[in-house]
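Input: a single structure, listed below in structure tokens.
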Amino acid sequence: MPEVVMKAPVLEVVLASAVDESAGTISVTFGSVDKKKFQLDFSPRCVPLAIAALAAEMGKLVAKLPADETPILQGIRGTGTQLAMKDDGTVTILLRLETGAELPLEFQAKDLVRLREQIDEAAKLADPKTRH
């Protein structure tokens with residue numbers, strides 16, 4: 001007898017995330033293409049592989065798209081940052097997300113130069129005085 005796999009609807013947007021300390025789980029609330037809300041609860045054990053699997057499969061999907069086509073992506077809205085430096089010289093920018101989650105982004109010194117250039121460019125684009 002084949003194994004039964006329950007199919008969820010197509011999830012389109014992330015609406016919220018939270019931690020249930022008593023259950024020891026992480027929940028993510030999604031909006032589906034048919035405008036319903038679904039909460040998925042994750043054990044910490046599977047979170048790293050779930051993230052890696054999604055990223056890997058996204059890479060495969062994008063690679064198959066025509067060169068002039070890119071998918072519309074939901075943005076990650078940051079609400080704050082904090083800097084830290086590790087003993088090996090790696091700089092970490094801790095990005096606080098609107099959901100309250102914190103995402104540590106690690107950079108080597110050479111990568112920070114390019115990041116600064118991109119942030120300067122983004123600031124110019126966001127400045128209403130420089131928009132045409």
- Query: Atom SG of C46 and atom CD1 of I51: how far apart are they, to the nearest 0.5 Å?
  - Reply: 9.5 Å

Which side-chain N or O atoms in residues 59-68 pair as donor and acceptor under 3.5 Å with protein atoms at least two apart or in another chain?
residue : atom : partner : partner atom : Å
K60     : NZ   : E57     : OE2          : 3.2

- How about F38 and T29: do any of their side-chain heavy atoms sit closer than 4.5 Å? no

- Message: What I'd like to find out is whether the side chain of I26 reaches to under 4.5 Å of the side chain of V47, using heavy atoms alone.
- Response: yes

- Please check if any side-chain donor atom of Q39 sits under 3.5 Å from a side-chain acceptor atom of D41, or the reverse. yes

- Query: If you measure only the distance, is there a donor-acceptor pair under 3.5 Å linking the side chains of E12 and S32?
  - Reply: no

When the side chains of residues 109-117 are checked against the rest of the protein, which donor-acceptor pairs come out under 3.5 Å, sequence neighbours left out?
residue : atom : partner : partner atom : Å
R114    : NH1  : E117    : OE1          : 3.2

- Message: Could you measure the distance from the OG1 atom of T90 to the CD atom of E106? Nearest 0.5 Å is fine.
- Response: 6.0 Å

- Intermediate values then yes/no, side-chain contact (heavy atoms from CB on, under 4.5 Å), R96 and T81: CA-CA 6 Å; R96 227 170 344 282; T81 57; over 6 Å; no

- To the nearest 0.5 Å, atom CG of L83 lies from atom CE of M85 at 9.0 Å

- Message: Contact between T25 and V19 at the side-chain level, heavy atoms closer than 4.5 Å - yes or no?
- Response: no

- Treat each ILVMFWY residue as a node, draw an edge where side-chain heavy atoms are under 4.5 Å apart, and state whether I76 and L105 are in one component. yes

- Atom CD1 in I93, atom CG in L103: separation rounded to 0.5 Å? 11.0 Å

- Task: Please report the C-alpha distance between L40 and L11 in whole Å, then the side-chain angles of each, then the deciding distance to 0.1 Å, and finally whether the side-chain contact (heavy atoms from CB on, under 4.5 Å) criterion is met.
- Result: CA-CA 11 Å; L40 300 180; L11 304 172; 3.9 Å; yes

- Message: Is it the case that over 12 heavy atoms from other parts of the model lie below 6.0 angstrom from the CD atom of E21?
- Response: no

- Query: Taking atom CG of L49 and atom CG of L54, what is their separation to the nearest 0.5 Å?
  - Reply: 9.5 Å

- Does L94 offer a backbone N or O that forms a donor-acceptor pair with the side chain of T92 under 3.5 Å? no

- Would you give the length of the straight line joining atom CD of E102 to atom CG of L97, rounded to the nearest 0.5 angstrom? 8.5 Å

- Task: Spell out, yes or no, whether V33 and F30 are grouped together once hydrophobic residues are joined by side-chain heavy atoms under 4.5 Å, including indirect joins.
- Result: no

